[in-house]
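What follows is a short report on a single structure.
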Amino acid sequence: MPQKGMRTVFFKSPPSSSSSSIPGTPSSSHSSRPTLSDSMVEETIEVAESFVARWRPDLVAAGSLFQGDDREEARQFIKAVKNLHAAMHCLASRHSSSERLVRAHDLMRVGMERLQKEFYRILSVNREYLYPDSVSSVQSPMTVSARSSVSDFEVELEDEFRFANESITEVERVSMSAMADLKAIADCMISTGYGKECVKIYKTVRKSIIDEGLYNLGIEKLSLSKVQKMDWEVLEIKIKIWLRGVKTAVKSLFEGERILCDHVFSASVPIRESCFAQISKDGAMILFEFPELAAKYKKTPEKIFITLDLYEAIADLWPEINYIFSSTATSMVQSQAVNSLIKLGQNIGTLIADFEMAIQKESSKTPVPKGGVHPLTRYVMNYISFLSDYSGILNDIVADSPLPTQLSMPESYYGTPKQDDNPITLHFAWLILVLLCKLDGKAEHYNDVALSYLFLANNLRYIVDKVRNSNLRFLLGDEWIERHESKIKLYSSKYMRIGWSGVFSSLPTDVVAEISPEDARESFRNFNRAFEETYRKQTSWIVPNQKLRDELKISLAKELGALYGEFYARNRGRARRVSGSDPVVRLSPDDLGNYLSDLFYGSGSESVGSASSNYSSSHSSPCSRGRFVR
């Protein structure tokens, strides 16, 4: 029984390595601790008393233990406190109610108050230098390890200061110094059973830094109902702010805090994991919940690209997310990031399906003026070419949740699908096929068969060029491009054959055969009439692509120019002007070439769709003819 006037003292013991919480009760067994003699215990208490007396927390003039470059006094203070704790264990095992134990306990309490004050001061004064981005820059030299002895701390501190003086900036030097001081205090407080008090101070200061950092990055907590009520322009601004800030939030803010927390509380894995979770969990959940909310917003297909940016941002940062939030205490952050990826992937799949449906539902029947490139062609190919820049991400999305369309493409269009074809490659090919068939239907709205083929050639030329000059080339391959280059030549050939058939047929079948002067004059008259009619009509037609325009002109010049030139050379003399009549030889071969060079600029005034032939009676449905797929 304790003597009258004496009090029984219970002191704190350090946590065991397997503990999952911060303990505050004494350990039941201390058999592994060294036994101190009474004289050694007394000497230890006296040494501690001298240090505590000099550094009482209520002494304003005492200043700080951890200031300047000299840490000798701090080392000795921490050593004295740790030795005092060991002496208390010895006293407790012998005389739990002794006056010396009460005296030692009071000294320990005051010593811990001083260390708590120092801990708070270092965190507060060095707030700028302990900002997460500053901390992350000194990750390499700050090796996280569980050191508990004073000698280990001394060696570590000396090595870090030596490193600081040799090769790092002032900010990094101050940051490293503060981190070393915090770790020394935390090690001491944890080993003496005051870890809970230490963590409380740390959490109070550091959580405000995380919250402030997220606020400065524009990251805010939003509810689904609030997001759903936003105009798209407002939400788009918030998405762009999130995209600008997420990398900094993860790689500087959270990773820097994780590094600092791991270093300061390296003496206890459970403490550092619990502490980091309490500091970062709320902010991290807000950060990674936003993409999921954005994924649930009703969007049009054009919004797919910013949605892909959200997905890509999380996917690119996943290694860091996986490392930073790897503990059980922060596993819900990982889960939230995964949920956001899943929801974004589903939303992206839906937007692609909506895009395909929009192509199929496009129902305009007004022919494009002059047979040029249809706005649908430009829209779809720009969309798909931009989409191909995300092919790697899209493959991951398709692998996780396949797109709904069952793809069945003619071999003449795509070739034989290979086992190693990426799913998204097949889907890109499918979307282009949907466009081509749609254009096939658009061609039916032209009354002139030749103009319909020129329209098809123009649009396929645009499509192939978009494929060739984008990432689609590496997805669809050169074979796909060559196959469709051949189709462009086929459409060009059909345009020339149909569009210029009247001009060709106006000349004799055999232009080198001998004919009478009257037949020669009649042939020249027929040619003049047919060429004038065809030329007047086709000067209003357009070929926007210079390469295709030049190819058509060269082909016409070779075929028509050569044929007319031969006929002109042989029959010009026979078709001399008869007195009183109009001249029948109006065009020289050079004149013909000049006229042909003026074609395909759309400078004429011929109305779109006018024709000399009836489309419906002379030309069957493009899709039934299989223009694009045969």
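The two residues I542 and L454 make their nearest non-hydrogen contact at O-CD2, 4.0 Å. Across every non-hydrogen atom of V449 and I498, the tightest pair is CG1-CD1, 3.4 Å. I304 and I352 get closest at one heavy-atom pair: CD1-CG1, 3.5 Å. In terms of heavy atoms, L596 sits closest to W500 at CD2-CH2, 3.9 Å. In terms of heavy-atom proximity, L456 sits nearest to L439 at CD2-O, 3.9 Å. Taking both residues in full, the closest heavy atoms of E220 and K238 are given as OE2-NZ, 2.5 Å, listed atom of the first, atom of the second, then distance.
The pair K489-E551 does not meet the salt-bridge criterion, since no charged nitrogen lies less than 4.0 angstrom from a carboxylate oxygen. Ion pairing of D591 with R586 is absent here, as no side-chain N (NZ or NE/NH1/NH2) approaches a carboxylate O to less than 4.0 Å. The pair R461-E485 meets the salt-bridge criterion, with a side-chain N (NZ, NE, NH1 or NH2) lying under 4.0 Å from an Asp/Glu carboxylate O. For the pair E533 and K537, the salt-bridge criterion is not met [side-chain N within less than 4.0 Å of a carboxylate O]. Comment: R525 engages E522 in a salt bridge, judged by a side-chain N to carboxylate O separation of less than 4.0 angstrom.
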side-chain contact (heavy atoms from CB on, under 4.5 Å) between F527 and V584, intermediate numbers included: CA-CA 10 Å; F527 180 84; V584 294; over 6 Å; no
Working for side-chain contact (heavy atoms from CB on, under 4.5 Å), residues K247 and L317: CA-CA 7 Å; K247 186 175 181 180; L317 290 168; 4.3 Å; yes
I219 and F290: CA distance, side-chain angles, deciding distance, side-chain contact (heavy atoms from CB on, under 4.5 Å) verdict: CA-CA 9 Å; I219 306 300; F290 175 76; over 6 Å; no
Residue pair F524, F567: steps toward the ring pair (Phe, Tyr, Trp, His ring centres under 6.0 Å) verdict: CA-CA 9 Å; F524 273 113; F567 178 78; 4.8 Å; yes
Pair I432-V380, side-chain contact (heavy atoms from CB on, under 4.5 Å): steps then yes or no: CA-CA 8 Å; I432 295 174; V380 171; over 6 Å; no
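Side-chain atoms of N382 and S385 form no donor-acceptor pair, as typed in the model, at a separation below 3.5 Å. If you check the side chains of S364 and K442, you find a donor sitting under 3.5 Å from an acceptor. E362 and Y379 are not linked by any side-chain donor-acceptor pair at a separation below 3.5 angstrom, with hydrogens and angles left out of the test. In this model, no donor atom of one side chain and acceptor atom of the other lie less than 3.5 Å apart for N458 and Y491. In this model, a donor atom of one side chain and an acceptor atom of the other lie less than 3.5 Å apart for T300 and K303. Under 3.5 Å, the side chains of Y495 and Q538 contain a donor-acceptor pair of N or O atoms.
A tilted orientation is assigned to the rings of F305 and Y390, their planes being inclined by 30° to 60°. Y595 and Y535 have perpendicular rings, their planes meeting at more than 60° on a 0 to 90° scale where under 30° would count as parallel. Note on ring orientation: taking the six-membered ring where Trp is involved, the planes of Y564 and Y568 are tilted (angle from 30° to 60°).
A distance of 11.5 Å separates CG of L435 from CD of E356, quoted to the nearest 0.5 Å. Here the CG atom belonging to L235 is positioned 9.0 Å from the CD atom belonging to Q228, to the nearest 0.5 angstrom. In this structure, the separation between CZ on R468 and CH2 on W480 is 10.0 Å, given to the nearest 0.5 Å. Atom CD in E514 sits 8.0 Å away from atom CG in N571 (nearest 0.5 Å). The CG atom of D309 sits 9.5 Å away from the CD1 atom of I239 when rounded to the nearest 0.5 Å. A distance of 7.0 Å separates CG of L560 from CG of L507, quoted to the nearest 0.5 Å.
For E292, the side chain to side chain contact (heavy atoms under 4.5 Å, CB included) criterion is met by K296, Q336, N339, S340, K343, not counting sequence neighbours.
Side-chain contact between I306 and L243 is present, with at least one heavy-atom pair separated by less than 4.5 Å. Under the 4.5 Å side-chain criterion, counting only non-hydrogen atoms from C-beta, L592 is not in contact with S588.
Proximity of the aromatic rings of F325 and F254 is defined here by a centroid distance below 6.0 angstrom, and this criterion is met.
Of the possible polar contacts, one joining the S516 side chain to the D519 backbone as a donor-acceptor pair under 3.5 Å is found.
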